[in-house]
Amino acid sequence: MNRVYNFSAGPSMLPLEVLKKAQDEMCEYPNSGMSVMEMSHRSKDYDDIIKGCEKLVRELMHVPDNYKVLFLQGGGSSQFTMIPMNLATKNKKIDIVITGQWAKKAAQEAKRYITVNEIASSADKTFSYIPKLDKSTFSKDADYFYICLNNTIYGTKFNQLPETGDIPLVADISSMIMSEELDVSKFGLLFAGAQKNLGPAGVTLVIVREDLVGNAMDITPTMFNYQIHVDNDSLYNTPPTYGIYVMKLVLEWIKEQGGVAAVQKNNEKKAEILYNFLDNSKLFKGTVVPEDRSLMNVPFVTGNEELDAKFVAEAKKAGFVNLKGHRSVGGMRASIYNAMPVEGVEKLVEFMKKFEAENL
Ligand SMILES: *Cc1c(COP(=O)(O)O)cnc(C)c1O
């Protein structure tokens, strides 16, 4: 086996222990005589898996009892439609902060149905910072306030949440879920596609305060109605069964690491190693203002496109893959999600030092 250090923004690295456990149980899930992939989603064995997965989400994120945990399909992107259809039904109006492509897409979809009030944007500087928010500009009658908490493409993160008072705060946490502790009670709804920090693509985790469910617009397709999925414990139709199973293995792994707090410590260590190097390098530099830096996605450049391309190619040869930045930013991006070991970041920095010495 020759596994590389995979810095992909998503789908991304999974812990080797998880892959091995899945491999062990691939052909026969213990005492069931079949693979999880072959199981009825209504079977007792599968019920234990999906209930067990929900229990771990609740435990690891300290989800309060008045929140529902849903396992859906359609990716993070379907939530851009589901959220307004279900939550923006009173005044049909929301506030949003435009911090990059994912927030922009969320705004675009919401605009089909409701009024979208763009409070602030960091488009003027290629989304390299989180805009300072002025509370007096927030709508008093918004149905919710929407943010993308960690901006996967640009490497920014809200290190301070907007103070929205009684207006529910809704956050896309696709690329930072369970990477650090988060107070769920501060939010009306949280969602994440699994493929960055929780497992394989195909599952979308939604955590929603129960009083916000049950008022969907009449036009809402059944499959887009949270109430349907709440009433049926995410088993209205066939859920992404294997994805939920692997997610459960990932959550067990997080628990073994010591929970989200322990994983956070590790993530802070990795980010510090990389940012420290970038701050002192004569060749590479980070693209984000220091106070808004992400723990998970670290974009950087040399300032010379040819040299960037050379770096990405040589890094790949050395076993550090998927370091090419998003096409809208250029340069490089290292995504250092939960499953990336500290050693992977240390070795990357060693490699960058060597590249710097050879190319400066
Ligand atoms: C990847 C990503 C998405 C899109 O997720 P899909 O599952 O591909 O629809 C949305 N928001 C953020 C922040 C992401 O990183």
Side-chain angles (χ1 to χ4, degrees), residues 6-14 70-85 94 96-110 116 121-123 126-131 144-159 161-162 169-180 182 187 189-208 223-224 229 234 239-240 242-244 246-247 250 267 288 292-299 322 324-329 333-340:
N6 180 3
F7 294 90
S8 168
S12 42
M13 261 183 102
L14 286 169
L70 303 174
F71 302 102
L72 306 179
Q73 305 198 48
S77 300
S78 289
Q79 294 309 308
F80 300 160
T81 306
M82 274 181 93
I83 295 167
M85 280 192 159
I94 64 163
I96 189 166
V97 185
I98 305 294
T99 49
Q101 256 190 41
W102 296 119
K104 228 156 69 181
K105 285 186 174 171
Q108 267 163 13
E109 287 305 313
V116 176
S121 165
S122 47
T126 327
F127 302 113
S128 57
Y129 68 104
I130 298 288
Y144 59 85
F145 190 108
Y146 184 99
I147 58 169
C148 180
L149 196 45
N150 182 76
N151 296 278
T152 326
I153 296 173
Y154 309 93
T156 61
K157 188 185 83 173
F158 280 85
N159 284 308
L161 296 178
L169 183 59
V170 170
D172 179 351
I173 55 168
S174 291
S175 51
M176 59 81 70
I177 187 163
M178 297 200 203
S179 66
E180 61 179 277
L182 200 60
F187 298 87
L189 185 147
L190 292 164
F191 72 94
Q195 68 273 24
K196 278 130 193 176
N197 237 349
L198 294 180
V203 195
T204 310
L205 183 68
V206 174
I207 301 172
V208 57
M223 280 294 290
F224 270 31
H229 298 291
S234 301
Y242 197 72
I244 293 168
V246 179
M247 185 193 288
V250 171
N267 288 334
V288 169
D292 299 328
R293 284 168 168 175
S294 164
L295 266 188
M296 295 282 97
N297 311 98
V298 184
N322 287 319
K324 193 171 183 317
H326 190 272
R327 57 193 180 280
S328 62
V329 184
R333 171 180 49 172
S335 293
I336 48 177
Y337 296 120
N338 288 353
M340 175 61 67

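Each ligand, and each atom within it, is numbered from 1 in the order the structure gives. Along the sequence shown, the residues carry numbers beginning at 1. Below, all heavy atoms of this structure are taken into account, side chains as well, without hydrogens, waters or symmetry copies.
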Quick test of your reading of the structure: of Q101, K105, K196, M296, whose heavy atom lies closest to atom 3 (C) of ligand 1?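 Nearest option to atom 3 (C) of ligand 1, by heavy atoms: K196.
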
Within ligand 1, which atoms have a heavy atom of [X] less than 4.0 Å away?
| X | value |
| --- | --- |
| C148 | 13 (C) |
| S174 | 10 (C), 11 (N), 12 (C), 13 (C), 14 (C), 15 (O) |
| G75 | 7 (O), 9 (O) |

Hey, is S77 touching ligand 1 through its side chain, its backbone, both or neither, going by heavy atoms under 4.0 Å?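 Answer for S77: both.
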
Should the pair Y146 and F191 be assigned to parallel (<30°), tilted (30 to 60°) or perpendicular (>60°) ring geometry?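 If you compare the ring of Y146 with that of F191, the planes turn out tilted.
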
From CA spacing to verdict: side-chain contact (heavy atoms from CB on, under 4.5 Å), Y154, S328: CA-CA 9 Å; Y154 309 93; S328 62; 3.6 Å; yes

Does ligand 1 have any atom sitting under 4.0 Å from a heavy atom of G10?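 No, that is not the case, since the closest heavy atom of the residue is not under 4.0 Å from the ligand.
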
Could you find the nearest protein heavy atom to [atom] and give me its residue, atom name and distance?
| atom | answer |
| --- | --- |
| atom 8 (O) of ligand 1 | Q195 NE2, 3.4 Å |
| atom 11 (N) of ligand 1 | D172 OD2, 2.6 Å |
| atom 15 (O) of ligand 1 | T152 OG1, 2.4 Å |

Would you say the side chains of [X] and [Y] form a donor-acceptor pair under 3.5 Å?
| X | Y | answer |
| --- | --- | --- |
| T99 | N151 | yes |
| N267 | Y337 | no |
| T156 | D292 | no |

Using a 3.5 Å cut-off and no angle test, enumerate the donor-acceptor pairs between side-chain atoms of residues 195-204 and protein atoms at least two apart in sequence or in another chain.
from	atom 1	to	atom 2	distance (Å)
N197	OD1	N338	N	3.0
N197	ND2	I177	O	3.2
T204	OG1	G75	N	3.1
T204	OG1	G75	O	3.4

For V97 and A103, which heavy atoms make the closest approach, and how far apart are they?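 Heavy-atom minimum between the residues: O-CB, 3.5 Å.
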
Is any N or O atom of G193, backbone or side chain, closer than 3.5 Å to an N or O atom of ligand 1?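 Min N/O separation from ligand 1 is not below 3.5 Å for G193.
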
